[in-house]
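Notes follow once the structure below has been shown.
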Amino acid sequence: MLVPQNSYTNLSSAAGLGLIGFNERDIVVDYGCMCFDSFVYTSRLSKKIVGIIPSYEKLNTLQKRLVEEDVKNCDLVNANYNEQHFKEVFDCVIINSFLEQLLIEVKNNKSIFFDNKISPKKKDNSLEKIRIGFFKTIYKGLRPGGKLYLSYANKFRIRILLLFVKLAIESFFTAFSLKKAQNFISLVKAIYLFLYYLLSQKGFEELLKTNGFVDIEKYAVFPDHKFPLKIIPLSKLDECSFEPVLYTSREGRLRRIFAGVKRRLERLIFKKFRFFNLSPSFIITARKAS
Amino acid sequence: MLCELITNNTHNNNIALYKCYNANKVFYRKTAFSQWGNKVIENEKKGYEWFYKDSKTLNEIRLKKKYFYELEIPQFKGKKLPSESVISGNEETIGRIIDFYKDRWSTNDIFAIHGDMALCNFVIDEKNIKLVDWEHFHYSGKEYFGYDIINMLFILIYHESKRTFSLSKKNMDFLKKCYVQLIEGVDSSNKMLEKPFQNAKNYLLNFTNRFLVNTNIYKKFVLSSSPLSVLEHFDSIVTR
């Protein structure tokens, strides 16, 4: 027999979590439970994992998987992210596909994520901040020194930016105010801040800092944060060598040609020009200040 | 500690390889993501134990048996060659490796096979040669002496011919030289070196289970998927 058969569950898609490392005493919370493999993997290495899932259908599917895998050290909660559910504090927070989740939730109810979207006055020469309610909830639930793991697809930065800009413009036109000119300046500022926080890596880092996180590390992920094959820490670019990920599909001539072109293009963008801001996905790890 | 994911689930091995930066220390960490991965990592540790049995290096290679196993391997100093290395330009290194193999493999009481010996798995400096990636390690009979080198030569031929579409006369002469270097002083009971490439393929297919491969063996080893005519051709080049 040349192809071995086995009944093991391969959780390799959770390889991103290897960046943070779990302790067997850790209590972890997974917001959204977007990757079931990550959830199962974490349950194997930590004391307990709590999953918060707004979608009831998804919760049922995950429950079935957990029974199959015989995972017992977990709790699943059907709730929204902004609710503070637990008295206990967590050692680690996992948010897979962060921007995808944000996009869905903002479409449903933008108030979930924003409070004081733009502060009216500048304080101590600091930039005006956008605060995300979701981050505040996470911050409150983490113990000091607790870890945050966040992954997202790059393309969603543009989508979510467009959505925010649309919402800001809508609110400008619907708001009843005699001071339209002042509102217009606020609108321009809002769009500028969305651009800054969502499109630049520095801005995104600042967003996390504003929400109380330190030791922020950013990683470029290839080809996808849902099944990473290569992860490069952006602070160690000089020591890392980039070789494009080998896509194993050998079937079909067109597919092979496409994979070849993609590989050459990636080599050019990331190896030669080192434009890692264009990476397909990102992972961010951070720690709550002690 | 900062980590870089170098590879993940290569050939469905259920293992991720990280390069870890901890203060001034750099090391590699292999992490399993299934029970199969645990088995492979444990096997790899056995390979290191066999290879570094009288060396201090073994103390630096640590197996952590959590639910999913982890193996820490130090960063060896020296030159590392890319996975698509070819014969041309690497003749001296290949010659050194064959000498090294003859020395280490013939003096070890218990014979073993690395299973995936390729230029990219060596770390070489002026004095030392280190060998990594022992996932396919297994014990075997001494009559299979030479398997790893033949496999390595075939990988080199594969990449050389992918680049140039054929082997030059210089390459062929070099292969012959490598073969002569390898068989010198080898016991007559050897089952590998009469028809080296064909016999190596037979070994691979007959003892597939020993290699702990979790994918179709034809996808993992180029030697296993090569037609008989090609192997006969290279056998005739080296044994003529």
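Below, chain A is the first sequence line, B the second, and so on; all start at residue 1.
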Counting heavy atoms not belonging to [X], are there more than 12 under 6.0 Å from its [atom1]?
X: B:Lys195; atom1: NZ; result: no
X: A:Arg267; atom1: CZ; result: yes
X: B:Tyr139; atom1: OH; result: yes
X: B:Glu91; atom1: CD; result: yes

- Item | Name of the residue among A:Ser13, A:Ser12, A:Pro228 meeting side chain to side chain contact (heavy atoms under 4.5 Å, CB included) with B:Asn9 |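 That would be A:Ser12; it is the only one of A:Ser13, A:Ser12, A:Pro228 passing the side chain to side chain contact (heavy atoms under 4.5 Å, CB included) with B:Asn9.
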
- Most chain B-contacting option - heavy-atom pairs closer than 4.5 Å, from A:Asp215, A:Ile20, A:Leu11: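 Top count of heavy-atom pairs under 4.5 Å with chain B: A:Leu11.
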
- Item | chain A interface, residue from B:Asn8, B:Leu5, B:Leu2 that has the most non-hydrogen pairs under 4.5 Å |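 With the most close heavy-atom pairs to chain A, the winner is B:Leu5.
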
- Who are the salt bridge (charged side-chain N to carboxylate O under 4.0 Å, His left out) partners of B:Lys77, not counting sequence neighbours?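 Counting only residues at least two positions away or on another chain, B:Lys77 forms no salt bridge (charged side-chain N to carboxylate O under 4.0 Å, His left out).
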
- I would like to know whether A:Asn10 and B:Asn12 meet side-chain contact (heavy atoms from CB on, under 4.5 Å); could you show each step before the answer? CA-CA 9 Å; A:Asn10 178 13; B:Asn12 200 32; 3.5 Å; yes

- Task: Examine whether an atom of B:Thr31 lies under 4.5 Å from a heavy atom of chain A, and if so say whether it belongs to the side chain, the backbone or both; otherwise answer neither.
- Result: side chain

- A:Cys240 and B:Tyr21: side-chain contact (heavy atoms from CB on, under 4.5 Å), yes or no, with the steps? CA-CA 11 Å; A:Cys240 301; B:Tyr21 305 84; 3.7 Å; yes

- Nearest 0.5 Å, what's the OG-CZ distance between B:Ser34 and A:Arg44?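 Result: 11.0 Å between the selected atoms.
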
- Query: Would A:Asp37 and B:Phe33 satisfy side-chain contact (heavy atoms from CB on, under 4.5 Å), going step by step from the backbone distance to the final call?
  - Reply: CA-CA 10 Å; A:Asp37 280 358; B:Phe33 283 87; over 6 Å; no

- Query: Given a strict heavy-atom distance threshold of 4.5 Å, which part of A:Glu24 is in contact with chain B: side chain, backbone, both, or neither?
  - Reply: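 When you check distances to chain B, no heavy atom of A:Glu24 falls under 4.5 Å.
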
- Message: Given heavy-atom pairs under 4.5 angstrom as the criterion, report whether the side chain, backbone, both or neither of A:Ser235 touches chain B.
- Response: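 Side chain of A:Ser235 only, per the 4.5 Å heavy-atom cut-off to chain B.
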
- Does the side chain of B:Glu4 come within less than 4.5 Å of A:Glu239's, by heavy atoms? no

- Message: A side-chain contact here means heavy atoms from C-beta on lying under 4.5 Å apart; do A:Ser46 and B:Tyr67 qualify?
- Response: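 In short, these two side chains do not touch, never coming nearer than 4.5 Å.
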
- Which atoms form the tightest heavy-atom contact between A:Leu45 and B:Phe68, and what is the distance?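 Heavy atoms only, the tightest pair is CD2-N, 4.0 Å.
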
- Under the 3.5 angstrom rule, does the side chain of B:Tyr18 hit a backbone N or O of A:Ala15 as a donor-acceptor pair? yes

- Query: Where the side chain of B:Arg29 meets the backbone of A:Gly18, is there a donor-acceptor pair that is under 3.5 Å apart?
  - Reply: yes

